[in-house]
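A, B, ... follow the sequence lines: proteins, then strands. Residue 1 opens every chain. Fair warning: this is a prediction, and the values are worked out from it, not measured in the lab.
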2 protein chains.
Amino acid sequence: METYQSGDALGALGDATRRAIIACLAERPRAVGELADELPVSRPAVSQHLKVLKEAGLVTERAAGTRRIYRLNPAGVAALRDQLETFWNRALAGYEDVVEQPEEETP
Amino acid sequence: METYQSGDALGALGDATRRAIIACLAERPRAVGELADELPVSRPAVSQHLKVLKEAGLVTERAAGTRRIYRLNPAGVAALRDQLETFWNRALAGYEDVVEQPEEETP
DNA sequence: ACGAACGGTAAGCCTAGGCTTACGGATGAG
DNA sequence: CTCATCCGTAAGCCTAGGCTTACCGTTCGT
């Protein structure tokens, strides 16, 4: 499986600009320049963010002439989603009964 | 509803130490000192991270004597989970047909 | 009342990393 | 061949923010 994530995907999503890029790519694949046009940062900045996102396994890149078309990596996105899902479930499992409970500590 | 998130929860999870804190709290509620014992940072650092996490709606805090017991906030966690879920679904929806396709490039 | 434990906050240091400009390589058009 | 477009990378600047130490308020035990 190439569901790997070299860098940590959550760390990558910690940056607001990268989240904006992901949001843009969620609509449709885009070239680097297109992304830069829609964002308040320069093209090289976008390029650098795309590198991080690619290392995190969240996007893939494809050459088309002189342009590089970036798109979401469904596998990477799904992997992160599943990982979070598992975590949420386990985390909330231990608390779901506590949601209503006011207190009952072990002093 | 108090499912609000003043700060952005994803930004809060961007930091590795805060993720470690969340992971600790997923096991069971803890006091600040307990968390600091299990982490490679000082107690004030933990305290500062807890402030961020609380503002993000991910944890809640309760006084118990001189101690402050922190726990996950199921509502906040669930809110973030649902928000991501929606996003993933929409994002992957536009790509789902591409998942299988290896290539069909213009060489 | 006094002291100890617990933890929030202020002040300050210091690195990570996000942004820009400048440059160079690759590709396609004429 | 030459030029224009598109993009990745290097160099460097600069702020955000994570960490520490120091201090103070609060709470409980004796």
Worksheet item: If every non-hydrogen atom of A:Ala12 is compared with every non-hydrogen atom of A:Arg18, which pair is closest and at what distance?
Response: O-NE, 2.7 Å

Worksheet entry | Shortest non-hydrogen separation from B:Leu13 to A:Trp88 and the atoms involved | CD1-CH2, 4.0 Å

Can you tell me how far the [atom1] atom of [X] sits from the [atom2] atom of [Y], to the nearest 0.5 Å?
{"X": "B:Leu80", "Y": "B:Glu85", "atom1": "CG", "atom2": "CD", "value": "11.0 Å"}
{"X": "B:Asp8", "Y": "B:Gln83", "atom1": "CG", "atom2": "CD", "value": "9.0 Å"}
{"X": "B:Arg28", "Y": "B:Ile69", "atom1": "CZ", "atom2": "CD1", "value": "10.5 Å"}

Side-chain ([X]) to main-chain ([Y]) donor-acceptor, under 3.5 angstrom:
{"X": "A:Arg30", "Y": "A:Leu25", "answer": "no"}
{"X": "B:Asn73", "Y": "B:Gly57", "answer": "yes"}
{"X": "A:Thr86", "Y": "A:Asp82", "answer": "yes"}

Tell me: [atom1] of [X] to [atom2] of [N], nearest whole Å?
{"X": "B:Glu61", "N": "C:dC6", "atom1": "CD", "atom2": "P", "value": "16 Å"}
{"X": "B:Tyr70", "N": "C:dG8", "atom1": "OH", "atom2": "C1'", "value": "8 Å"}
{"X": "A:Arg68", "N": "C:dT27", "atom1": "CZ", "atom2": "P", "value": "8 Å"}

Worksheet item: Mapping B:Gly65 and A:Arg67 onto DNA chain D by nearest heavy atom, which one lands closer to the 5' end?
Response: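 Nearer the 5' end of the strand: A:Arg67.
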
Response to the item:
Nearest-nucleotide check on DNA chain D, A:Ile69 vs A:Gln48; residue mapping nearer the 5' end is A:Ile69

Practice prompt. Heavy atoms of chain B, cut-off under 4.0 Å: which first and last nucleotide of DNA chain D, 5' to 3', fall inside that, if you could look?
Written response: D:dG18 to D:dC28

Worksheet item: For DNA chain C, which residues in residues 13-33 of chain A have a heavy atom at a distance below 4.0 Å?
Response: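 A:Asp15, A:Thr17, A:Arg18, in order of number.
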
Item to complete: Describe the nucleic acid contact of B:Arg43 in one word from base, sugar-phosphate, nothing, applying a heavy-atom distance below 4.0 Å.
Response: base

Worksheet entry | Nearest-nucleotide comparison on DNA chain C, the residue closer to the 5′ end among A:Pro44 and A:Thr66 | A:Pro44

